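What follows is a set of notes on a single structure, which appears directly below.
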Amino acid sequence: MTSAKYWIWFILIIALVNCTGQPATPTLPADAINLQMSWIHEYSASPLYSAEKNGHFATQNLSVNLIEGGFQDGNFVDPIQSALDTVNSIGMSDAATLILARAAGQPVVAIATITQRSPSVVISLAEDNIQTPQDLIGKQVAVAEGGATHLITTMLTMQNINRDDVTIVPRTDFGIAPLLDGSVDALLGWITNENVMLEETEREGNILLLSDYGVDTYNFVVFTTEEMLQNKPDAVKRFITALMAGVADVIANPEQAIDYTLSYAPSLDKAAQLRRLEAFIPLMQTPGTAIGQMSPDIWAFTQQIMLDNGLLDTAITIEDVYRLDFITTSDE
Amino acid sequence: MTYDKSGLPPQTTPIPFQHRLGVALMLFAALLVIIPAGILNRVTFTTLRSAFQQQTFNQLAATNSLKKSNLDHWLEHDVAGQMQLMLDLNGAIIKNWLARGDFTTYTNINRALSNTLHNYDSYTLLFVYDETGRVLAASDDAYQGRVVNRQPYFASSIASDATENFTSPYYEVGSGELVMMLTTPLLDKWVLAGQVNLERLQETIAQRTGLGETGESYLVSLDNHYLLTPLRDETLPLNRAYRSFGIEAGLQGKTGNAEYNAYDDDPVFGAYTWLPNLNAALITELHVDEATAIFNEVRVSFIALSLGLALASLIAALFAARFVTRPVANLTRAAQQIAAGNLDIRTHINGKNEIAALGQSFNTMTDKLRTSMQEIGQRETRLRSLIEALPIGMMTYHVEKNGQTALDDVNPAARTLLPAAPTAGTIIDTAHCEMVGIDNLQRYQSVALDGKSWQTSQVNQTNDTIQSAFELYAFQTAPQQMALAFLDTTEQRRGQLEREKLQQQIIEAQKHAIAELSTPIIPLLDGIIILPLIGSIDSARAQDILRTLLKGISAYRARIVILDITGVPMVDSGVANHLNKTIQAARLKGTHTIITGISDAVAETIVDLGIDWGNVDTMRDLQSGLITALGRLGIALHNKKKS
């Protein structure tokens, strides 16, 4: 047998081994998705970055285009409208905004949540000894106008505290200076922002997590359009699978997530972002709840707050606002 | 030069045999130790390490088992037991107060819970909440008003009818504290919840007795792979996902042990156990280095011992090699000295063994060799003197390894004979060949290599002068060696040349004399000359006759010539032709020629040849010719007696 015949046999054997030894991998359809972020690039969007950088989107054969939200060119980007105006769109928003959108007839549906618990928290200096909502009676609390006011009002109501017994003043800035200089006794902020700011001053503080007092909502909700659900439900499912893997990566490795974040927004302070992300992570996965899982009770409660505070005139069918079937829970 | 005990100069260059033998012995000795040690190390320490590993696994598993047992006991007897005790003591009244449902009863319950908490150290907080999660009463006033419907224990506490519902430890959102709850239903509407004091848990897990410097136990939550107890390195955060083979196996509900890389990638021996009540994995690990420290020490000691033995074997082998090879080396050096020409060397090898005998024999051999060498030297001296004194030139050569032929020696006679002869050591070339009169270099090698002797002669001559001359004999003196012997024949050659010259002169003189005698001119009378011819006449003689005759005619002013051919034995056409030319030449000189002495045979020959001598006076004999000649001169002979 000539050497050429040996080579032919060798190549045939290798080809045969490759054909038989390699399991056939089903090819996922390639889909492009436009992801409209609710805010600018920062730590809270790190699950998106980890899903992209760690290849979870690629594994699902998805090409995800991240569209930055927040204020762009001086105008606030409405993520819901932007998503509706864009093809193959998935967006990020909050529960209240989505309920309002549905009430306004916009065909958007929530499909997952990044955070399980609301980050809203009443922050006070430790020296003021505000440890329960009852301690707010007679105090001055700075609260941003709008939804935040409705949240604290709801909490006070649920705690049987007369609304007039607590002085609520509007927050005029997003810092904590009024709290530090004693202008106010407390302020309503986020545990991931204002509370970290207070920790960064090394001043002792107390917090009242609104969700600990029954006031809870979803602030980082993943939604999509009904058109998308109609036409590409599999792409949506694959997107959620990849994104939840990104959430798990962030929980497991916050430092990596912040490195990814800085690759999108290099001007951010890495240490400050990491501190905020570390406060953010407990909100993303709470014991007994699957990552991304939403509770109908929270949706119903959110709508109830909106109804109670006049944000919504008429209740809508809240089950139309969300879909729970995109998240696989441990019970399934 | 300093000498060692052997009486020999110190060794300056390594002796291959000694070196090789030393190295071979050392290698053999080293392998004799290292190979068995390596095999022993491999076999023994593989088994030993496996035993250490198993022992460590057993120890870690026992630690896990003990801690699990302690935790189970703590949960069952302390945590659950105290809850049951509390219910037994205060449950009825709390339920009664709850059933009344007014605010004052909550105050009573608060007080009851707070008092209870002082008596039971397994809890840090007790509170009661309703089916909406609203906390109605609590041992801590700050907890009142809370709504726990978002807490992980809430759903199961409401849904379950079990008297004890454990919720595994988790990090509370907001405070970030690690909490563990035990809930028990109160009637159908309320739930008594106790936040478990986790100090016991922490103490039990943190117990490191028997775990050395690197061993540690820790709990990992199934929910998020977070740590539920601090690590030995307490700076490491708890709320991070920690992963390793042991953690994954433990969280999969397995109990076992393995060697793997821990969460920090360090190699460890680890035991893992699933704790269902805590929904966590108990991991106990010990760094491999520490677990195998004794093993490693033994191994290092063994290896060090093996290396020490190997080194000792090497040294012993070195000494042995030196012991064995020293006499041989001495003999070798002595041989080298002898080879260098030092026959005064002696070896001093003591003992009664073969080497000593060999040394003595060597000395004897050296003595004899020295004597022989002296004799040879004397002979050589004599021979050299002889050669030096010999009138025969001698040049010796040898063929080198590269095939070139080199001149070894030139004796004075050769130097005299060949002043241009090169010095010893010169590689001979074509010029050298020409000098000694040999046509090519191969002739040297044919002698030196093949033993083909040959001889030739050389004469150096300028004009008629011999500068030098010699006879040359080439012969092989030894394989690849040869000699040229030059016998000076200059004087001999010169004498021979002189003799040849003299002989030639004599011959010339004789030839001249003979020529003169063969063609004599005899003046007879005034105007008459006689030329008697004797012997055969060839062309050369005919020329001589012609020149002699013409010369005689001129010298004697002869008017008549008598050619007497009485002595010519034979006249052929050539002789006749010559005689004709002579006659004609004489005629041109105005001289008349008379040929006399024509014998009968000559006459017949002339007739036979058709020679026309009609115009020539021919006479039978000289006498007739003489009379005829005189007559032509008008001289008549008179007989005086008659007159």
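Numbered from 1 within each chain, the chains take letters A, B, ... in sequence-line order. Hydrogens, waters and symmetry mates are skipped; everything else that's a heavy atom, side chains included, is used. Just so we're clear, the structure is a prediction, and the values are computed from it rather than from any experiment.
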* Value rounded to 0.5 Å, distance of CG in B:Asp140 from OG1 in A:Thr132 -> 10.0 Å
* To do: Inspect the surroundings of CD in B:Glu199 and state if more than 12 heavy atoms from other residues, nucleotides or ligands are less than 6.0 Å away.
  => no
* **Heavy-atom side-chain proximity of B:Arg150 to A:Asp212 below 4.5 angstrom** => no
* Hey, does B:Gln144 have a side-chain heavy atom less than 4.5 Å from the side chain of A:Gln159? -> no
* Asked: CD/A:Gln285 to CG/B:Asn239 distance, rounded to the nearest 0.5 angstrom?
  -> 11.5 Å
* Considering only heavy atoms, which portion of A:Thr289 lies under 4.5 Å from any heavy atom of chain B: side chain, backbone, both, or neither? -> neither
* Asked: Is the side chain of A:Gln131 donor-acceptor paired with the backbone N or O of B:Asp141 at a distance under 3.5 Å, no angle test?
  -> no
* Structure fact -> Of all heavy-atom pairs linking A:Ala252 and B:Arg240, the shortest is O-CD, 4.4 Å
* Which value, rounded to the nearest 0.5 Å, describes the distance between B:Gln151 atom CD and A:Arg117 atom CZ? -> 5.0 Å
* Is there a side-chain contact (heavy atoms from CB on, under 4.5 Å) between A:Asp297 and B:Asn149 once you walk through the steps? -> CA-CA 10 Å; A:Asp297 293 344; B:Asn149 62 347; over 6 Å; no
* Answer yes or no: does atom NZ of A:Lys139 have more than 12 heavy-atom neighbours from other residues, nucleotides or ligands under 6.0 Å? => yes
* At what distance, to the nearest 0.5 angstrom, does CD1 of A:Ile191 lie from OG of B:Ser175? -> 8.5 Å
* Locate the shortest heavy-atom distance separating A:Ile251 from B:Tyr226; write the atom from each residue and the value. => CG2-OH, 3.2 Å
* To do: Would you name the heavy atoms of B:Asp223 and A:Pro287 that are closest together and state the gap between them?
  => OD2-CB, 3.8 Å
* Against chain B, label A:Ile291 side chain, backbone, both or neither, depending on which of its atoms sit under 4.5 Å from a heavy atom there. => neither
* Asked: Side chain, backbone, both or neither: which part of A:Ile298 has an atom under 4.5 Å from a heavy atom of chain B?
  -> side chain
